[in-house]
Student: 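Take this structure, written in structure tokens, and hold onto it; I'll ask about it next.
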2 protein chains.
Amino acid sequence: MSPETDPLVAELAHLLSQVAGRQGAQFNATAAELGLTPAQALAMVGLEAPVTMRDLAAGLSCEPSNVTGIIDALERRGLVTRQPDPADRRVKRLVLTEEGVRRREALCSRTHTQAASLFAPLGGDRLVLRDLLRRVLLDSAS
Amino acid sequence: MSPETDPLVAELAHLLSQVAGRQGAQFNATAAELGLTPAQALAMVGLEAPVTMRDLAAGLSCEPSNVTGIIDALERRGLVTRQPDPADRRVKRLVLTEEGVRRREALCSRTHTQAASLFAPLGGDRLVLRDLLRRVLLDSAS
DNA sequence: TATTGTTATACTCTATAACTATA
DNA sequence: TATAGTTATAGAGTATAACAATA
């Protein structure tokens, strides 16, 4: 590496990737168990309340054109319905079916359990980690 | 959410995703500036010393069949060469060219600068973050 | 027989651009 | 004209299975 490499910074970057990678792998595995691809599962998480296609795309940080296919698949599985917006007929409101609500709750519940397990070793220091991550997110140059 | 949801755990999971997502976006942007796709850039990082196709695949947590295409692209760009292993003619050793070494150093240097900026707001507390992330990685159920 | 790397193939995810139907 | 959503298309990333060369 370059002479000015700070070993602490390098380790922090590596640790962050590792921990986030483990969290992501757990999420994807849970999604698969519930019959969902990772993108479909992320969409389900974003469907707690009815949203438009564009709002969901913004939440997923992707183009609306991609959401069409994701929602097509969830609709085929009977988890989501597209409902017309009475005020603007161009807009579609995405609403979970009863089965969709159950599936979403299973997904979120398992994800939460995994996160609790991931951070459990920290005990009360989880509060310290929360504050440090908040500072990174709020204060660092984006 | 479920009644037993711990808001602290939920926030930690969210913060971790956000911070890692920012780090990943910065890495991908740097890769693009250097003419590399994200997967190609990750492969370059793993090529500090000569490795076999299988070793690189293990480092990238993917199948060896995928590495073939990634290395094909890097070889076309003149950044890597496949060299025969004298001891086992099945094996190919991946070696960076001079241009590959320069490109890799640019990639790592910029990535390090970004990481330094990301964690800068913590000041001396970067040591605390390092210890917390180490504990998460080493002690949590994988 | 087992292993290294490759090829062929398929699926997922994503972006861009052109299209429609509304506004 | 502008906007919401869709379609068509292309590229990147990944996995599986079958294969050739070598061990």
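Just the heavy atoms: all of them, side chains too, but no hydrogens, waters or symmetry mates, feed the values below. Being a predicted model, the structure only gives us computed values, none of them experimental. In what follows, every chain begins at residue 1, and chains take the letters A, B, ... in the order their sequences are listed.
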Student: Whole-Å distance between C:dG5 P and B:Arg93 CZ?
Tutor: 12 Å

Student: How many whole angstroms separate atom CD of B:Glu75 from atom P of C:dG5?
Tutor: 13 Å

Student: Linking Ile, Leu, Val, Met, Phe, Trp and Tyr through side-chain heavy atoms less than 4.5 Å apart, which residues share a cluster with A:Leu47?
Tutor: A:Phe27, A:Leu34, A:Leu36, A:Leu42, A:Met44, A:Val45, A:Val51, A:Met53, A:Leu56, A:Leu60, A:Val67, A:Ile70, A:Ile71, A:Leu74, A:Leu79, A:Val80, A:Leu94, A:Leu96, A:Val101, A:Leu107

Student: Output every pair passing salt bridge (Lys or Arg N to Asp or Glu O under 4.0 Å) with a member in residues 70-82 of chain A, not counting sequence neighbours, ordered by first then second residue.
Tutor: A:Asp72-A:Arg82, A:Glu75-A:Arg82

Student: Taking salt bridge (Lys or Arg N to Asp or Glu O under 4.0 Å) as the definition, give me every residue that meets it alongside A:Glu63, ordered by chain and number, with sequence neighbours left out.
Tutor: none

Student: Summarise how protein sits on nucleotides 13-23 of chain C as a single string, 5' to 3': B when a protein heavy atom is under 4.0 Å from the base, S for sugar-phosphate-only contact, - for no contact.
Tutor: SBBBB---BBS

Student: Apply the hydrophobic cluster definition, ILVMFWY joined by side-chain contacts under 4.5 Å directly or through others, and give me every member besides A:Val91.
Tutor: none

Student: Round to the nearest Å and state the distance from B:Asp72 atom CG to C:dA8 atom P.
Tutor: 12 Å

Student: Calculate the interatomic distance between B:Arg54 atom CZ and D:dA15 atom P; express it in whole Å.
Tutor: 13 Å

Student: Rounded to the nearest angstrom, tell me the gap between atom CG in A:Asn28 and atom P in D:dG13.
Tutor: 17 Å

Student: So A:Arg82, base contact, sugar-phosphate only, or nothing? Heavy-atom distance under 4.0 Å.
Tutor: sugar-phosphate

Student: Whole angstroms only, please: what is the CD1-P distance between B:Ile71 and C:dT6?
Tutor: 9 Å

Student: Which pairs pass side chain to side chain donor-acceptor pair (under 3.5 Å) with one or both residues in residues 86-96 of chain A, sequence neighbours excluded?
Tutor: A:Asp88-A:Arg90

Student: Any carboxylate oxygen within less than 4.0 angstrom of a Lys/Arg side-chain nitrogen, looking at B:Glu105 and B:Arg102?
Tutor: no

